[in-house]
Amino acid sequence: MGDLAKIFKAYDVRGVVPDELDEETSEAVGAAFVEVTGAGTVVVAHDMRASSGPLAAAFARGATSRGADVVHAGLGSTDLLYYASGSLALPGVMFTASHNPARYNGMKMCRAGAVPIGGDSGLAEIRDRAAELLRSGVGGDGGGTVSERDLLRGYADHLRTLVDLSGIRPLKVVVDAGNGMGGHTVPVVFEGLPLELSELYFELDGDFPNHEANPIEPDNLRDLQKAVLDVGADIGLAFDGDADRCWVIDERGESVSPSAITALVAVRELARHPGAMIIHNLITSRSVPEIVAEHGGEPVRTRVGHSFIKAEMARTGAVFGGEHSAHYYFKDFWSADSGMLAALHVLAALGGQDRPLSEILTDYARYAASGEINSTVADQAGAAARVRETFAGRDGVTFDELDGLTVSGPGWWFNLRPSNTEPLLRLNAEAADEIQMAAIRDEVLAVVRS
């Protein structure tokens with residue numbers, strides 16, 4: 001029996017299998033999901049982890065015990081589940097632990113139309129009801145049914161309607177699926193395109209034998225960078241375990257900042273929707289809001305995190321949103337995130353002209369960034385206060401606390417955010433050049449770590 005207080009997070013469910021999340025727990029969550037949401041039918045999909053299929057089946061038992069029918073889509077990426085929820089107008093649950101190690105699993109839940117379920121929009125109620133059912137027993141025989149439905153082709157066809165790839169030139173592309181769900185979805189989505197595809201780690205394996213399926217960590221990109229250079233590819237793409245994030249490597253084997261990809265896709269979306277709003281979180285590059293404004297759009301700044309981005313997408317009607325973590329959100333994909341759709345936009349931009357990717361992206365990368373740097377700090381608030389005091393009174397310096405502490409000065413800025421789960425402070429700094437960025441970065445770290 002799982003510890004629900006431990007595995008229910010702000011917007012998903014995640015824990016070690018079977019110590020924290022097991023089939024009994026998943027069955028109780030399935031019954032609670034139906035009771036709380038009132039769902040008559042639920043669509044379910046799962047990733048390639050050994051525990052994912054059994055956990056999904058247990059959830060289905062719980063859901064059907066409360067009279068709901070379950071559409072089981074089988075293996076899929078998280079954005080395939082969002083496609084299913086949107087196109088079928090059904091609430092959905094994806095069984096995955098995304099980029100986390102093999103011993104983990106979890107659930108991402110949404111209402112019909114891929115509307116997220118978070119801590120303040122039903123997830124807490126599902127947790128509390130599931131805890132009651134674990135104590136009393138799920139019971140019930142509501143007579144719901146389970147049917148299987150293959151949605152992969154529909155997902156691929158739908159994505160291809162959202163990006164015009166009809167006129168792109170032939171491209172050499174290397175994809176590192178990290179033994180995750182990209183190995184399942186990429187061949188179908190890319191089918192028929194003028195792409196010479198080199199595949200890395202497309203074998204589905206939830207033990208991740210080659211490297212972690214987490215492209216935000218530079219070490220996990222090494223094989224892809226080498227392969228891009230070895231085959232003379234035009235571009236490299238790395239997907240995380242559930243393939244909802246995509247990281248880009250240029251033809252030189254250099255990692256591309258997700259901020260640059262956010263700006264590139266934003267410009268493409270603004271060409272289709274002039275004057276539209278574009279969401280960016282507060283640690284994406286300042287180049288993003290600048291470029292959005294220059295192209296007639298309205299940039300909207302948000303806190304860091306999936307739930308905040310989606311809430312702002314819904315509130316503002318924004319057409320696109322991007323995060324530093326390589327999550328990309330699209331209004332015409334039910335305001336949900338899709339790494340695959342972002343990848344298609346980049347392929348369309350690259351294939352629609354003759355310049356190499358690195359040259360295209362010089363238009364979108366204007367500043368030097370530190371990347372995220374973690375410091376172990378027992379007193380996070382005290383350390384942040386020392387940093388604020390250090391910079392207080394300097395000419396042209398301003399502060400805001402939308403998410404942690406953001407300090408801005410002439411030609412530079414940094415953000416210092418506490419981790420919600422660990423005794424860490426996370427620093428992101430940016431400046432006009434590497435020298436200025438390094439100076440700001442090192443001064444802040446010296447204060448934080450003193």
Side-chain angles (χ1 to χ4, degrees), residues 77 98-101 168-183 185-187 189-190 193 195-205 208-265 284-285 287 322-328 339-340 342-351 355-365 367-374 428 434 437:
S77 58
S98 185
H99 60 277
N100 287 284
I168 66 169
R169 61 186 169 92
L171 298 170
K172 283 188 176 182
V173 182
V174 183
V175 175
D176 185 343
N179 299 110
M181 291 313 304
T185 59
V186 166
V189 176
F190 284 11
L193 295 175
L195 306 176
E196 183 181 326
L197 179 62
S198 297
E199 300 177 354
L200 284 181
Y201 315 136
F202 270 44
E203 306 79 12
L204 302 184
D205 190 335
F208 307 112
N210 294 289
H211 59 70
E212 291 182 349
N214 184 13
I216 202 169
E217 295 294 337
D219 285 349
N220 298 326
L221 297 171
R222 304 298 184 212
D223 292 350
L224 176 59
Q225 292 171 304
K226 180 177 184 300
V228 165
L229 295 175
D230 286 348
V231 305
D234 297 292
I235 188 173
L237 303 170
F239 291 91
D240 67 343
D242 61 336
D244 64 348
R245 285 189 295 149
C246 181
W247 204 277
V248 178
I249 302 297
D250 70 20
E251 83 287 351
R252 305 168 303 171
E254 298 293 327
S255 179
V256 176
S257 164
S259 290
I261 300 301
T262 296
L264 181 151
V265 178
T284 54
S285 172
S287 63
E323 291 197 275
H324 70 294
S325 56
H327 279 288
Y328 305 103
M340 188 68 74
L344 294 179
H345 272 282
V346 177
L347 290 172
L350 176 60
R355 291 186 295 165
L357 184 60
S358 61
E359 189 175 327
I360 295 172
L361 292 173
T362 58
D363 299 335
Y364 303 105
Y367 302 108
S370 67
E372 193 153 270
I373 303 169
N374 291 325
N428 285 268
E434 287 285 345
M437 183 278 292

[atom1]/[X] to [atom2]/[Y] distance, rounded to the nearest 0.5 angstrom?
| X | Y | atom1 | atom2 | value |
| --- | --- | --- | --- | --- |
| N100 | N214 | CG | CG | 8.0 Å |
| M181 | D242 | CE | CG | 9.5 Å |
| S77 | D240 | OG | CG | 10.0 Å |
| I261 | H324 | CD1 | NE2 | 15.5 Å |
| L197 | L171 | CG | CG | 11.5 Å |

Answer whether the closest heavy-atom distance between the side chains of [X] and [Y] falls below 4.5 Å.
| X | Y | result |
| --- | --- | --- |
| E217 | H99 | no |
| D250 | P356 | no |
| L237 | F190 | yes |
| W247 | P258 | yes |
| V189 | L344 | yes |
| L350 | E251 | no |
| M340 | V186 | yes |
| S198 | K172 | no |

**Worked check of side-chain contact (heavy atoms from CB on, under 4.5 Å) between L347 and L195** = CA-CA 10 Å; L347 290 172; L195 306 176; 4.2 Å; yes
So which atom in [X] and which in [Y] form the shortest heavy-atom distance, rounded to 0.1 Å?
| X | Y | value |
| --- | --- | --- |
| N220 | E212 | CG-O, 3.4 Å |
| P101 | F208 | C-CE1, 4.5 Å |
| A227 | V174 | CB-CG1, 3.9 Å |
| G253 | V228 | N-CG1, 4.3 Å |
| G178 | A213 | O-CB, 3.8 Å |
| C246 | G339 | CB-O, 3.4 Å |

**Asked** Applying the side-chain contact (heavy atoms from CB on, under 4.5 Å) test to V256, which of V346, V248, L264 qualifies?
**Response**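 Only one of V346, V248, L264 forms a side-chain contact (heavy atoms from CB on, under 4.5 Å) with V256, namely V248.
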**Asked** With respect to I249, which candidate in L229, L357, L221, I235 satisfies the side-chain contact (heavy atoms from CB on, under 4.5 Å) definition?
**Response** L221
**Request:** Would you sort out whether R355 and D363 count as a side-chain contact (heavy atoms from CB on, under 4.5 Å), showing the intermediate values?
**Result:** CA-CA 12 Å; R355 291 186 295 165; D363 299 335; 3.7 Å; yes
N/O donor-acceptor pair under 3.5 Å between [X] side chain and [Y] backbone:
| X | Y | result |
| --- | --- | --- |
| E434 | A368 | no |
| N179 | E203 | yes |
| R245 | S325 | yes |
| T262 | G322 | no |

**Request:** Kindly indicate, with the supporting measurements, whether the criterion side-chain contact (heavy atoms from CB on, under 4.5 Å) is fulfilled by F239 and T185.
**Result:** CA-CA 11 Å; F239 291 91; T185 59; over 6 Å; no
**Message:** Just by distance, no angles: are the side chains of D176 and H211 close enough, under 3.5 Å, to form a donor-acceptor pair?
**Reply:**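 H211 and D176 do have a side-chain donor-acceptor pair below 3.5 Å.
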